[in-house]
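Encoded as structure tokens, the structure appears first; notes follow it.
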Amino acid sequence: MKIVNQSADELVLKEGSTTGIAIGVVFVIAGALGGYFLHHSSPIAIWIALGVVLIGAAAILFSTSITVDANKASGQISYQKKRLIGGQNSMYAIADVLRIETRKQWRVQNSPPAGDQNVSIPQPVLVWQSVIVFKDGRELPLDHQKTSSTTTIGPAVLMGGQGAEVAIAAQVAKFLDVPFQEIAPPNIGMGIIQM
């Protein structure tokens, strides 16, 4: 998430970009070229290439970008979620915002086998996301869920730093004149969610 425009009366945030589409295009091209050049060497190469093309196509189709435009003059928050197929446009009243939260939690992910080991090793990974919480209990994500160790290709999001995300969420709360709450996870070993 980054602030793309800020004045005394308006704050515009943007999360995501054409990165997902670019990654998807690279996968599609690599799969097509790999299938074309390797189809004679092994019959399985065409299936692997087809799999790479499908992963690229999925990354293109499901990559999303979020734009949040908070305008104090109109008292409205415009929320826009764009995808290549489909999207969402919504309006919310700034007066209905209760607080901004950044939520963090530990999740366990299996790491790939290392060296000559055939067993994947579970490891804790910190996951966080910032949301707008409304007085009626509704929640609106300001950004995509991020992890401390990986870059997500499903909705194709490149990571920013955790500290920067928290600072931006706090700045949004200050702009909207609502409280900011950072919900920290318990110590490693407690409150870990299996993925």
Side-chain angles (χ1 to χ4, degrees), residues 1-2 4 13-68 79-90 102-131 139-166 168-169 185 188-195:
M1 163 175 57
K2 65 179 179 177
V4 293
L13 300 167
K14 188 155 177 92
E15 168 73 12
S17 64
T18 57
T19 305
I21 294 172
I23 291 171
V25 167
V26 168
F27 271 73
V28 168
I29 291 171
L33 291 174
Y36 179 75
F37 289 115
L38 298 175
H39 74 279
H40 291 297
S41 64
S42 171
I44 200 163
I46 197 77
W47 291 107
I48 294 171
L50 180 61
V52 172
V53 168
L54 290 175
I55 290 170
I60 292 169
L61 293 176
F62 296 112
S63 65
T64 60
S65 70
I66 298 171
T67 303
V68 179
Y79 183 83
Q80 200 175 48
K81 191 172 191 176
K82 292 182 185 177
R83 278 197 180 128
L84 195 56
I85 45 176
Q88 170 188 352
N89 291 325
S90 307
T102 296
R103 299 176 182 156
K104 299 176 185 178
Q105 64 184 8
W106 291 106
R107 290 199 178 158
V108 174
Q109 288 183 339
N110 289 327
S111 62
D116 42 334
Q117 297 177 354
N118 291 332
V119 179
S120 60
I121 301 167
Q123 71 181 61
V125 176
L126 186 62
V127 178
W128 69 89
Q129 183 175 31
S130 297
V131 296
E139 296 180 353
L140 192 63
L142 285 173
D143 55 8
H144 298 94
Q145 193 173 65
K146 296 182 175 64
T147 64
S148 60
S149 69
T150 60
T151 300
T152 306
I153 295 180
V157 178
L158 290 179
M159 296 229 334
Q162 169 189 338
E165 295 291 328
V166 171
I168 290 172
I188 291 181
M190 300 174 55
I192 293 181
I193 298 171
Q194 294 285 334
M195 289 181 88

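For the pair Lys2 and Leu13, the minimum side-chain heavy-atom distance is 4.5 Å or more. Proximity of Asn89 to Tyr79: side-chain heavy atoms (C-beta onward) are nowhere separated by under 4.5 Å. Annotation: side chain of Val131 is not in contact with side chain of Leu140 (no heavy-atom distance under 4.5 Å).
In terms of heavy atoms, Glu15 sits closest to Leu142 at CB-O, 4.0 Å. When all heavy atoms of Gly56 and Val28 are compared, the pair lying nearest together is C-CG2, 3.8 Å. Taking every heavy atom of both residues into account, Val52 and Phe27 meet most closely at CG1-O, 3.3 Å. Across Gln129 and Pro141, no two heavy atoms sit closer than the pair NE2-CB, 3.4 Å. Gly34 and Ala49 make their closest contact through C-CB, 4.3 Å (heavy atoms, listed as atom of the first residue, atom of the second, distance).
Atom OG1 in Thr102 sits 8.0 Å away from atom CD in Glu165 (nearest 0.5 Å). Here the CG-CD1 distance, from Leu33 to Ile29, works out to 7.0 Å after rounding to the nearest 0.5 Å. Taking CD1 of Ile55 as the reference point, atom CD1 of Ile23 lies at 12.5 Å (rounded to 0.5 Å). Atom CG of Leu38 sits about 12.5 Å away from atom CD1 of Ile44, to the nearest 0.5 Å. For the atom pair OG (Ser65) and NZ (Lys81), the distance works out to 10.0 Å, reported to the nearest 0.5 Å.
Under the side-chain hydrogen bond (donor to acceptor under 3.5 Å, both in side chains) criterion, Ser90 pairs with Gln88, sequence neighbours left out.
Salt bridge status for Glu139 with Arg103: present, with a side-chain N to carboxylate O gap under 4.0 Å.
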